[in-house]
2 protein chains.
Amino acid sequence: MNVPDQVSEGLAICQLRDVLDRVGDKWSVLIMAILGDGPRRYSELRRSIDGISQRMLTLTLRSLERDGLVIRTVTPSTPPRVDYELTPVGHTLSTEVGSLIKWSEQHREYISMSRRTFDAE
Amino acid sequence: MNVPDQVSEGLAICQLRDVLDRVGDKWSVLIMAILGDGPRRYSELRRSIDGISQRMLTLTLRSLERDGLVIRTVTPSTPPRVDYELTPVGHTLSTEVGSLIKWSEQHREYISMSRRTFDAE
DNA sequence: CGGAATCCGTTCCGATACTG
DNA sequence: CAGTATCGGAACGGATTCCG
């Protein structure tokens, strides 16, 4: 991966931090994974993601929209309707996340076994 | 990506959460990126990662060791010497992280531009 | 050198209540 | 339906001190 000696001064790593802050929070990837299947309404997202509060759903969607990863479309009807969908760039990140999901599926057992072994001491 | 309706009840997503919790914290990937280049001593890691506290370096390394991603080797000399290196599984995760780094390099400009546009309102 | 332990501010985020 | 606003507990993590 060719990491410079003073890593945090390397530009690549600063960028990495940005992405990890973007992707590493509690709900972002979950939302991106769902939107990877296609557009969803606000209420659909809420029902799909068990345990998310209204507050965090809104905050996370705003943040994704701000970063150009999600598009928000308001239909001013009564009741109002809001749809969310991935942007093209959002889709590419969603793909990266998918590869992380595969990794986690393949190594889940190894990790939980490692933890049990480690905790046994 | 084929995500089930009730996402959080899907096993895949729970695993994903595990990995993101693993990788998403402040220092883990940084450390894994450095160790991807080869083994390092505790003091080398400390110098390499600008801004990390002794506490967080130790905690993060312990957690990586617990998950079977890093191996800790103690040489009981005076002064003592401790080396850290990736396990084979640790290397595979390090590779995944590398792909995320690439993504972040390619879209950094897009994201910061999106933010400026969004914040202009 | 490589930690462990404590203290403590900040940030995160869930619960709740209210709104157009 | 799709938010916004406020509060308060919990967790994260930095600074400091002490130790074999």
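Note that the structure is a prediction, hence the values are computed from the model and not measured. Order of the sequence lines fixes the chain letters, A, B, ..., with proteins taken first and strands second; residue numbering starts at 1 for each chain.
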Residue set satisfying side-chain hydrogen bond (donor to acceptor under 3.5 Å, both in side chains) with Glu65(A), at least two apart, ordered chain then number -> none

Contacts of Thr117(B) meeting side-chain hydrogen bond (donor to acceptor under 3.5 Å, both in side chains) (sequence neighbours excluded), chain-then-number -> none

Note: contacts of residues 58-66 of chain B with DNA chain C (heavy atom, under 4.0 Å) are Thr58(B), Arg62(B)

Residues of residues 67-83 of chain A with a heavy atom under 4.0 Å from any atom of DNA chain C, listed by number, are Pro80(A)

pair Arg55(B)-Leu59(B): side-chain heavy atoms closer than 4.5 Å:
yes

Partners passing side chain to side chain contact (heavy atoms under 4.5 Å, CB included) against [X] (at least two apart in sequence or in another chain):
X	result
Val82(B)	Arg72(B), Val74(B), Tyr84(B)
Thr92(B)	Trp103(A), His107(A), Val89(B)
Thr78(B)	none
Arg66(A)	Arg115(B), Phe118(B), Asp119(B)

What is the distance, rounded to the nearest whole Å, between atom [atom1] of [X] and atom [atom2] of [N]?
X	N	atom1	atom2	result
Ile31(A)	dA2(D)	CD1	P	14 Å
Leu57(B)	dA15(D)	CG	C1'	16 Å
Arg41(A)	dC1(D)	CZ	P	7 Å

Axis-to-axis angle for the helix from dC1(C)-dG20(D) to dG20(C)-dC1(D), ends of five pairs each, to 10°, equals 40°

Hits for salt bridge (Lys or Arg N to Asp or Glu O under 4.0 Å) against Arg81(B), two or more places apart or cross-chain, chain-then-number order -> Asp83(B)

With a 4.0 Å cut-off (strictly under) to non-hydrogen atoms of chain A, the first and last hit nts on DNA chain C, 5' to 3', are dC13(C) to dG20(C)

Rounding to 0.5 Å, atoms CG (Leu61(B)) and CD1 (Ile71(B)) come to a distance of 13.0 Å

Find every protein N or O atom lying less than 3.5 Å from an N or O atom of nucleotides 10-13 of chain D, and list the pairs.
residue: dG13(D); atom: N7; partner: Arg55(B); partner atom: NH2; Å: 2.9

Phosphate OP1/OP2 of dT4(D) contacted by Tyr42(A) side-chain N/O (<4.0 Å): no

